[in-house]
2 protein chains.
Amino acid sequence: MKEQTNKKNYESLKLGNQLCFPLYACAKEIVRQYRTPLAVLNLTYTQYIVMMVLWEHGSMTEGELGRIVHLDSGTLAPLLKRLEKQGYISRTRPASNERQLVIALTKTGEALKETALSVPEAMSECIDLPREDLLELKRLLDKALSRMDSKQANK
Amino acid sequence: MKEQTNKKNYESLKLGNQLCFPLYACAKEIVRQYRTPLAVLNLTYTQYIVMMVLWEHGSMTEGELGRIVHLDSGTLAPLLKRLEKQGYISRTRPASNERQLVIALTKTGEALKETALSVPEAMSECIDLPREDLLELKRLLDKALSRMDSKQANK
DNA sequence: CGCAGTATAATTGTGCACAATCTTTTATTC
DNA sequence: GAATAAAAGATTGTGCACAATTATACTGCG
């Protein structure tokens, strides 16, 4: 009675049954594929998404930026310093609140937006799935992400 | 005639229109959520997927392992050394081919499989989506990944 | 046999990711 | 208005990721 059946169910530990693994592997692979088109702009993928946020919304604090791109100060602080060094952004502490760090595009950074148009174009056929699958994939991922965000928010 | 219309279409550079971003953010978030259950086993997420492959398939070379988990020697070499230090795996060069590095589970590593059953259980309700969405998401990601693999293979 | 070429990992260098901690500034409360 | 608390970033430490290079072992061919 005490003895358990030896035939345990290890199915849940098989790689093929994981949802997370293809998610993780796909994300890595696509980020890797961004490298070539982004090399032209001298940006990494993470730097690119930061630039995209600034192109779309203009200047904001590091904290606001971090909330949008899901990165904390430990990642953003050095990354933003590198972008500043490249001349794409400025980092300034407003007199109104010297704790904050306001990130703004420089002229060069703003101008880079033009060149950046080549990136989504080059990447457009990167994921080799029919258009309807791509849309469905995006829908599900956005949904999952927004639920995680709201879970994050009320803790 | 030479002058182009100033109203450029920057839609493709908005974060909300990217497929890659939610993929990237979701993957990070889920890997982050693995931390707590994996802390019990003293494993990182990447170490965990390596262990899963070994639990399922037994020993293999570093190269074979890398092909399965999509990681190269630059990542695996130090990771495997850490797993060896923890006593979960052994790293040996077979006499038949001393270039290769055969990775095998130790008794401790094999036994860890039992404890590891708690991980998928703890994670099961991590992505807050209805079951059918999860299945669809997995299907699409597996599809995308396998196409990338085959593209990789014939180059 | 000798050596050219290939296979297999290890190493190096740069950057991301994040938990934990520390620092400085602002806000609150008595 | 001084003590305390909270906010906003910076720093530190560990580990992953990957391109590029290097080191060593094997393989095949003359």
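The sequence lines fix the lettering, A, B, ..., with proteins before strands; numbering per chain opens at 1.
The shortest distance between the side-chain N/O atoms of R35(A) and the OP1/OP2 oxygens of dG15(C) is not below 4.0 Å. For the pair T61(B) and dA9(C), the criterion of a side-chain N or O lying under 4.0 Å from OP1 or OP2 is met. Contact annotation: K81(A) reaches the phosphate of dT11(D) (side-chain N/O to OP1 or OP2, under 4.0 Å).
Atom CG of L38(B) and atom P of dT14(D) are 20 Å apart (whole Å). The distance from atom CG of L79(A) to atom C1' of dT14(C) is 13 Å, rounded to the nearest whole Å. Atom-to-atom, CZ of R67(A) to C1' of dA7(D) comes out at 11 Å; the value is rounded to the nearest Å. Rounding to whole angstrom units, CG of residue L76(A) and P of dG15(C) are separated by 15 Å. When the P atom of dA19(D) is taken as reference, atom OH of Y45(A) falls 17 Å away, rounded to whole Å. Taking atom CG of L80(A) as the reference point, atom P of dA8(D) lies 16 Å away to the nearest angstrom. One atom, NE2 of H70(B), and another, P of dC18(D), lie 10 Å apart when rounded to the nearest Å. With rounding to whole Å, I103(B) atom CD1 is found 12 Å from dT8(C) atom C1'.
Contact check on E64(A) versus R67(A) returns no salt bridge, with no Lys/Arg side-chain nitrogen under 4.0 Å from an Asp/Glu carboxylate oxygen. Residues K107(A) and E110(A) are not paired through a salt bridge, judged by the lack of any N-O separation under 4.0 Å between the basic side chain and the carboxylate. Salt bridge annotation for K14(B)-E11(B): present, with a cationic side-chain nitrogen under 4.0 angstrom from a carboxylate oxygen.
No donor-acceptor pair under 3.5 Å is formed between the side chain of R35(B) and the backbone N or O of T44(B).
Heavy-atom distances to DNA chain C give each of A95(A) and T44(A) a nearest nucleotide, and the one nearer the 5′ end belongs to T44(A). Residue whose closest nucleotide on DNA chain D sits further toward the 5' end, between P78(A) and Y24(A): P78(A). Toward the 5′ end of DNA chain D lies the nearest nucleotide of E64(A), the other residue of the pair E64(A) and P94(B) mapping further downstream.
Within 3.5 Å, a donor on the side chain of R99(A) pairs with an acceptor on the base of dA7(D), or the reverse. A donor N or O paired with an acceptor N or O is found under 3.5 Å between the base of dA10(C) and the side-chain atoms of S73(B).
Between Y45(B) and Y34(B), the angle of the ring planes lies from 30° to 60°, which puts this pair in the tilted group.
Residue contacts shown for D72(B) include a base, since a base heavy atom lies under 4.0 Å away.
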